[in-house]
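Chain naming here is simple, since letters A, B, ... match the order of the sequence lines and numbering starts at 1 in each. These values consider heavy atoms only, across backbone and side chains, with no hydrogens, waters or symmetry-generated copies.
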2 protein chains.
Amino acid sequence: MMQKITMLDVAKAANVSKSTVSQYINKRYEYMGEETRKKIKEAIDTLGYQPNYLARSLKQKRTSMIGIIVANIMHRFSTEVIRAIEDYCHSQDIHAIICNADDDPDKEKKYINMLKAKQVDGLILFPTGANTSLYEQMIKEEYPVVIMDRKIHDVKGKIPSVVANNQEATKQAILHLLELGHKHIAIITEPLTITPRIERVEGYKEALTSANMPVNESMIINCKKADMQKALEKLFAADNPPTALLAGNDLVFIEVQKFIKQHGFNIPNDLSLIVYDNIPYADVATPAVTTISQPAFDMGTKAADLLIKQILKEKIAYEEYQYECELIIRETTLSH
Amino acid sequence: MMQKITMLDVAKAANVSKSTVSQYINKRYEYMGEETRKKIKEAIDTLGYQPNYLARSLKQKRTSMIGIIVANIMHRFSTEVIRAIEDYCHSQDIHAIICNADDDPDKEKKYINMLKAKQVDGLILFPTGANTSLYEQMIKEEYPVVIMDRKIHDVKGKIPSVVANNQEATKQAILHLLELGHKHIAIITEPLTITPRIERVEGYKEALTSANMPVNESMIINCKKADMQKALEKLFAADNPPTALLAGNDLVFIEVQKFIKQHGFNIPNDLSLIVYDNIPYADVATPAVTTISQPAFDMGTKAADLLIKQILKEKIAYEEYQYECELIIRETTLSH
DNA sequence: TTGTAAGCGTTATCAA
DNA sequence: TTGATAACGCTTACAA
């Protein structure tokens, strides 16, 4: 490996001191002689000097890096949020390190500690919810954090969070199906371990109740993806099978599609379908998929903004920032 | 902000010196008294000390971070490669920083320099190809780099690269269409600015030639995504419109789908379709999409492995590591 | 307008 | 078995 060029090398070559080179690097030209400036520039160019941000960060106690700990990177929603965060951060010359926690509290803990050890300036967290003491500790340390997607009741008012209004969006979606004349509407989600899923099921119930329809528990499936085929079998083998189905997220939708394809269902004639979450081919698929779209880009940008404001010690409200979702009616929903 | 606990604080609390604490942190217990060990552990726990990896990195000249500069993160292929790289890196306690260069040489240059300034231990690069002098410089510096997806002729033998056998895969796909009886086969890609696209078109031509079929240039579309609708209009308005089409990547496929949907084509009856690249819903879509699948996971893992070996100064061959793709025949291809 | 010197939190070399 | 002390490459008072 070629010997690394340091600031001292530049200083020697330009016949000035380290500090003067440092001034130059940091563009503090005000009190710098034209001559000196030129000498330094030349030295830098001929030596091919590149500053070491690591050393700078150590001194300045600021790395210009943030960490993102995402629950499951395979969700389209996560990808879009991350993309938005990155765009915003890059515009501010901040780098993001992304970690995938796989909804595993141990991994989450490991990553939080590792990122803090790396001295990242702050954290955006899709929390598992199972590391309350860690969250509390970060609050005590006044470590900049933003919570994303899931609500953590214990830290309310202490850590700002960016969430969707899942309940209302689901309610509206189900109301739409009711308006179309559907009497038997099912919902399928993964296990109710995090708030968005709970809220979506709540919204489902609220819609039925508000329309004076009975809530039939057999129409509510909450199980792991691996068990969904069996659950769907059972659902559609029952006496009054659903004529409409809400898939709780994009990955659940794949399971539903698999089932539908295997059983030769015709969508939307045999079954109306709504998917919670953006899916990339919703528009151009045949039939185009009716979805509930989360404003992922806005949410990601907001989270980045809230984090950076905290890092810069600007005032923010430590509250829940809630975003409305949009029901985009396409071709998989039909009146019954 | 709470005062940060440093190694010195721990040393004082445990009544030992900094160096002893450092030994402890680095698990060099060999010559350490049982008593000392216990005192240090206690001090760390009560103070909640966390080592500062920044300082360690500065000293050790190793950050345990690598950079990934990806051409366009919106491609499914990129996502899968990144995911594989991350998985492999995490298994080695290495963090990856991902940057999206948008196929823009200026951005690429900016990111390369920034990541090097951050002292990342190495770089995995989906190169634009337009920064040869930068690539050359990294070779001179013996900076660990792996090139991904695209070939850069100038650095052959100097930087290892991980690529797909695009030409062969495309040839096989076209031969399959020919076997199905198609006489008019078209291919649509983005502009021929990078090797994979060039090779795919070459494979297309090679297939036709080897089957003694004429190569009709009007069947080869290479244009920006924004111009594809118009190009497709023209293609299908011609005298002998194609009965089969190969979409050059997943994002091109979306353009094709848009066109198909707008014009009410029936797939595969009106048109057989093959997509180069994995697409997430290929299997469960109706009709299921015939694709050419790149071994993204293997390629990503290999790239990470090659990079880490370089970082650890292990010997590797500085050559092109070429991976075969697989034609997965599903339902969008029909005999004609 | 530029230089000196201390310090950021570690690790590494030696000495004790 | 442990401790002093000098790096690592930069920034920043403060002095000149």
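- Separating the CG atom of A:Leu8 from the P atom of C:dT4 is a distance of 11 Å, rounded to the nearest angstrom.
- Residue-level contact check: A:Met7 touches the bases, meaning some heavy atom is under 4.0 Å from a base atom.
- Look at CD on B:Gln23: it is 9 Å from P on C:dT11, rounded to the nearest Å.
- Identified under the ring pair (Phe, Tyr, Trp, His ring centres under 6.0 Å) test for residues 98-121 of chain A, with sequence neighbours left out: A:Tyr111-B:His90.
- Residues passing the ring-ring contact (aromatic ring centres under 6.0 Å, His included) test with A:Phe126, sequence neighbours excluded: none.
- Residue-level contact check: B:Lys18 touches the bases, meaning some heavy atom is under 4.0 Å from a base atom.
- Between the B:Asp102 side chain and the B:Asp104 main chain, no donor and acceptor come within less than 3.5 Å of each other.
- In this structure, B:Lys59 and A:Tyr53 both approach DNA chain D, and ranking their closest nucleotides by distance from the 5' end singles out B:Lys59.
- A donor-acceptor contact under 3.5 angstrom links the side chains of B:Tyr88 and B:Asp305, judged on distance only.
- Taking only side-chain nitrogens and oxygens, A:Ser17 never comes nearer than 4.0 Å to OP1 or OP2 of C:dT4.
- Looking at heavy-atom distances under 4.0 Å, A:Thr6 makes contact with sugar-phosphate atoms alone, never a base.
- Within the nucleic acid shown, A:Tyr49 comes within 4.0 Å of sugar-phosphate atoms alone, with no base atom in reach, counting heavy atoms only.
- Taking atom CD on B:Gln119 and atom C1' on C:dT10, their separation rounds to 16 Å, with Å as the unit.
- Here the C1' atom of nucleotide C:dA12 and the CG atom of B:Leu58 are 13 Å apart, to the nearest Å.
- Looking only at atom types and distance, the side chain of B:Ser22 has no donor-acceptor partner in the side chain of B:Ser19 under 3.5 Å away.
- Between chain B and DNA chain D, the heavy-atom contact criterion of under 4.0 Å yields a 5' to 3' nucleotide range of D:dT1 to D:dG9.
- Atom NZ in B:Lys61 sits about 19 Å away from atom P in C:dT10, given to the nearest Å.
- Taking the ring centre of A:Tyr143 as origin, the terminal cationic atom of A:Lys116 falls inside the region bounded by 6.0 Å and 45° from the ring axis.
- Residue B:Thr36 is the one, among B:Thr36 and B:Gln60, whose nearest nucleotide of DNA chain D lies closer to the 5' end (criterion: closest heavy atom).
- The pair B:Asp87-B:Arg83 meets the salt-bridge criterion, with a side-chain N (NZ, NE, NH1 or NH2) lying under 4.0 Å from an Asp/Glu carboxylate O.
- Atom CG of A:Leu54 and atom P of C:dT11 are 13 Å apart (whole Å).
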